[in-house]
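Notes follow once the structure below has been shown.
If you read the sequence from its start, that first residue is 1, and numbering goes on from there. Note that ligands are numbered from 1 as they come in the structure, with each ligand's atoms numbered from 1 the same way.
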Amino acid sequence: MQDAGFVWNAEELDAFIESPRKHVRGTNMSYPGERRPEKRAAIIEYLTQLSTAD
Ligand code: HEM
């Protein structure tokens, strides 16, 4: 994860949860990914509500 070479933002998170192991090779995250864009958008919207980051 530290070597992934990007800063997290909504676009990176979207690509990551679509296919964690494709987006960050070698990740231990065993979640297989969410193919449906509307589900990923809902997850990201929810996390954005909880986020204290700008
Ligand atoms: C859609 C739901 C999920 C989201 C949005 C999500 C998000 C993330 C993110 C952003 C990271 C990277 C954290 C960092 O770089 O510090 C991460 C890592 C990780 N996640 Fe998830 N995750 C989800 C579901 C899951 C599930 C269901 C599991 C367990 C089955 C899981 C297990 C892990 C593990 C073990 C890591 C560490 C991977 C590593 O260091 O190689 N995640 N997750």
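Distance screen at 4.0 Å: atom 13 (C) of ligand 1 has no protein heavy-atom neighbour inside the cut-off. The protein reaches atom 22 (N) of ligand 1 closely, with a heavy atom under 4.0 angstrom from it. Distances from atom 9 (C) of ligand 1 to the protein include at least one heavy-atom value under 4.0 Å.
Of the heavy atoms in N28, both backbone and side-chain atoms come closer than 4.0 Å to ligand 1.
Here atom 11 (C) of ligand 1 lies nearest to F16 when heavy atoms of F16, Y31, Y46 are compared. Nearest residue to atom 30 (C) of ligand 1 from G26, S30, A4 is S30 (criterion: closest heavy atom).
Atom CG in D14 sits 10.0 Å away from atom CD in E12 (nearest 0.5 Å). For the atom pair CD1 (I43) and CD1 (I17), the distance works out to 4.5 Å, reported to the nearest 0.5 Å.
The closest side-chain heavy-atom distance from F6 to H23 is below 4.5 Å. At a threshold of 4.5 Å between non-hydrogen side-chain atoms, the residues R21 and M29 do not count as touching. Side-chain atoms of F16 and M1, non-hydrogen and from C-beta on, do get closer than 4.5 Å to each other.
Distance from atom 5 (C) of ligand 1 to its nearest protein heavy atom, with residue and atom name: I17 CG2, 3.4 Å. Looking at atom 37 (C) of ligand 1, its nearest protein heavy atom turns out to be M29 N, 4.5 Å. With hydrogens left out, the protein atom closest to atom 40 (O) of ligand 1 is M1 CG, 3.6 Å, a heavy atom.
Side-chain atoms of T48 come within 3.5 Å of backbone atoms of I44 as a donor-acceptor pair (strictly under, hydrogens ignored).
In the vicinity of W8, heavy-atom distances shorter than 4.0 Å reach the ligand 1 atoms 10 (C), 12 (C), 15 (O). Each of the following atoms of ligand 1 lies closer than 4.0 Å to a heavy atom of T27: 38 (C), 39 (C), 41 (O). Every atom of ligand 1 with a heavy atom of I43 under 4.0 Å away is listed here by number and element: 1 (C).
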- Query: Yes or no on side-chain contact (heavy atoms from CB on, under 4.5 Å) for E34 and R36, after CA distance, side-chain angles and deciding distance?
  - Reply: CA-CA 6 Å; E34 173 54 64; R36 291 164 292 184; 2.8 Å; yes
- Item | Audit row: R40, E18, side-chain contact (heavy atoms from CB on, under 4.5 Å) steps and yes/no | CA-CA 7 Å; R40 297 199 306 275; E18 180 177 14; 3.6 Å; yes
